[in-house]
Protein chains: 2
Amino acid sequence: MRWSEIETVPCPVAQAMAVIGDSWTVLILRDALRGATKFDEFQTATRASRATLSERLSHLVEHGVMEKVQYEAHPPRHEYRLTPRGRALQPVLMMLSHWSETHLPVKTRSTGRRHTTCGHKFSPMVTCSECGEAVTPETVSYDRTRIDAKG
Amino acid sequence: MRWSEIETVPCPVAQAMAVIGDSWTVLILRDALRGATKFDEFQTATRASRATLSERLSHLVEHGVMEKVQYEAHPPRHEYRLTPRGRALQPVLMMLSHWSETHLPVKTRSTGRRHTTCGHKFSPMVTCSECGEAVTPETVSYDRTRIDAKG
DNA sequence: AGGGTGAGTTCAGAAAATGAACTAACACGG
DNA sequence: CCGTGTTAGTTCATTTTCTGAACTCACCCT
């Protein structure tokens, strides 16, 4: 199966990858979440080629993760903004970054995440919406599990 | 910059992508977390080509996310198992899947996640390790933010 | 007129992915 | 011993995608 046909696979993870699974896309989202909006800003930050970046941004717009907004008419200038759907990826990126910081050989400075509500430096944790306790791989079950890609 | 050089970028997200950012890799991890261990199991579930799958599995082993274990000597047979580093990706995959289920047009059945500790169906939430309250994009700040890829 | 900026597009060459077939190393049944 | 089956790959010709550099367009500024 071709990677470009991944969108046809009826699995939530595959559907997510169809939208944000191409190379560079996660780095684009990282920068968007940090406030980047302009084409050249993304190009400098990600260092993807202009052609690839253009393709990826269009793809994200098509899938409702970002929107392309004209912010100046003369000369015509655009910026790319995260939609609510795009901003909802923040927890995913945060968990990914935290995994990287805690489980990969260190090649980066500590991120210094601070929770402004309580004022402390913190680690992001995944908890249960119902009881508030931590969720671990061992304490989750799935009512219907499908291993195969076809459904 | 070439995608294969992404590992040289000193940013946690880029480092994570260097390990799990290639196409198919996240689907391999999805299946590994569901209990897949054998080459052909991964091939059937992901539908990646055998060559690509072989390359990706080796890459994950190199980076300590999976290990290749001989489980039978005659004939020699191996299986791929998640290491602790690999299992630690479960929260990332869970948040990704949850994003897909809640923010993408539905093309899949609901996952039916249940927290065995409390017995309820639940949604995974990201909370602060210090105060236990929900973390949102608006309630996080970073002590040192770097937008550029160079550091 | 000449230079600069933002947002791309174009294109030839390089790199990576695909699918099908092939290999290896054995087990099993007859 | 022979043919078939299983697991785990490798090989390779073809197709697809990515890369970097240059180029375009539409303006503004001096």
Side-chain angles (χ1 to χ4, degrees), chain A residues 1-9 14 17-28 31-32 35-62 66-81 147 149, chain B residues 1-9 14 17-28 31-32 35-62 66-81 147 149:
Chain A
M1 186 195 216
R2 207 155 268 112
W3 177 246
S4 56
E5 295 166 38
I6 198 68
E7 60 184 73
T8 64
V9 179
M17 294 320 283
V19 176
I20 63 161
D22 293 321
S23 59
W24 302 109
T25 297
V26 170
L27 298 188
I28 293 170
D31 297 321
T37 57
K38 300 194 189 122
F39 189 91
D40 282 17
E41 248 178 316
F42 288 112
Q43 217 256 308
T44 305
T46 63
R47 299 210 250 164
S49 76
R50 303 180 76 74
T52 302
L53 182 58
S54 176
E55 198 278 322
R56 298 296 192 264
L57 285 169
S58 303
H59 185 81
L60 289 172
V61 169
E62 261 174 52
M66 302 192 90
E67 54 186 348
K68 190 176 180 174
V69 182
Q70 190 170 61
Y71 67 92
E72 194 185 284
H74 295 287
R77 295 278 190 260
H78 312 95
E79 63 182 5
Y80 293 89
R81 284 193 211 143
I147 297 217
Chain B
M1 188 196 215
R2 207 158 268 110
W3 177 246
S4 56
E5 296 166 40
I6 199 69
E7 59 184 73
T8 64
V9 177
M17 294 320 284
V19 176
I20 63 162
D22 292 321
S23 57
W24 302 110
T25 298
V26 170
L27 298 187
I28 293 171
D31 297 321
T37 58
K38 301 198 191 117
F39 190 90
D40 281 17
E41 250 179 314
F42 287 113
Q43 217 255 307
T44 305
T46 63
R47 301 209 251 164
S49 77
R50 302 179 78 73
T52 303
L53 181 58
S54 177
E55 197 278 321
R56 297 297 192 264
L57 285 169
S58 303
H59 184 80
L60 289 171
V61 169
E62 263 174 51
M66 302 192 91
E67 54 186 348
K68 190 177 181 173
V69 182
Q70 192 169 60
Y71 67 92
E72 196 185 282
H74 296 286
R77 295 278 191 261
H78 310 95
E79 61 181 7
Y80 293 91
R81 285 195 209 138
I147 296 218

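Just so it is clear: chains get the letters A, B, ... in the order the sequence lines come, proteins before strands, and each one is counted from 1.
- Per the geometry, CD belonging to B:Q70 stands 19 Å off P belonging to C:dA24, to the nearest Å.
- A:H78 has no side-chain polar atom (N or O) that falls below the 4.0 Å cut-off from OP1 or OP2 of C:dA7.
- Whole-Å rounding puts the A:F39 CZ to C:dT5 P distance at 17 Å.
- Between A:E72 atom CD and C:dG8 atom P the separation is 14 Å, expressed in whole Å.
- Between B:T52 and C:dT18, a side-chain N or O to OP1/OP2 separation shorter than 4.0 Å is present.
- Straight-line distance from the CG atom of B:D22 to the P atom of D:dT16: 21 Å, rounded to whole Å.
- Between C:dG19 and A:W3, no contact under 4.0 Å exists linking OP1 or OP2 to a side-chain N or O.
- Between the C1' atom of C:dA16 and the CH2 atom of A:W24 lies a distance of 15 Å, rounded to the nearest Å.
- In terms of heavy-atom proximity, A:V19 sits nearest to A:L60 at O-CD2, 3.8 Å.
- At a threshold of 4.5 Å between non-hydrogen side-chain atoms, the residues A:T8 and A:M1 count as touching.
- One interatomic measurement links the two molecules: NE2 of A:H59 to P of C:dG8, which rounds to 17 Å at whole-angstrom precision.
- Straight-line distance from the CG atom of A:L53 to the C1' atom of C:dA7: 10 Å, rounded to whole Å.
- Taking only side-chain atoms of B:R77, from C-beta outward, the nucleotide of C:dG19, D:dG9, C:dA25 with the closest atom is C:dA25.
- Residue-to-nucleotide proximity on DNA chain C shows that, of A:K38 and A:S4, the 5′-proximal contact is made by A:K38.
- In this structure, B:S54 reaches the D:dT10 phosphate: one of its side-chain N or O atoms is under 4.0 Å from OP1 or OP2.
- You'll find that the side chain of B:R2 is closest to C:dA15, out of C:dA15, C:dT18, C:dT9.
- For the pair B:H74 NE2 and C:dA27 C1', the interatomic distance rounds to 13 Å; values are reported in whole Å.
- Within the 4.0 angstrom heavy-atom criterion, no nucleotide atom of any strand lies near A:F42.
- Distances shorter than 4.0 Å separate none of the side-chain N or O atoms of A:Y80 from OP1 or OP2 on C:dG6.
- Side-chain to base pairing of A:R50 with D:dA21: no donor and acceptor N or O lie closer than 3.5 Å to each other.
- Residues A:P75 and B:P76 both approach DNA chain D. Their nearest nucleotides, taken by heavy-atom distance, put B:P76 toward the 5′ side.
- Closest approach to the B:A51 side chain among C:dA7, C:dG19, D:dG20 is made by C:dG19 (side chain taken as heavy atoms from C-beta onward).
- Close to D:dT7, at under 4.0 Å from its OP1 or OP2, lies no side-chain N or O of B:K68.
- Taking the side chain as every heavy atom from C-beta outward, A:R50 and A:F39 approach each other to under 4.5 Å.
- Across every non-hydrogen atom of A:H78 and A:Y71, the tightest pair is O-CE2, 3.2 Å.
- Side chain of B:T44 to backbone of B:D40: a donor-acceptor contact under 3.5 angstrom is found.
- Contact annotation: the side chain of A:E55 never approaches that of A:W24 to less than 4.5 Å [non-hydrogen atoms, C-beta and beyond].
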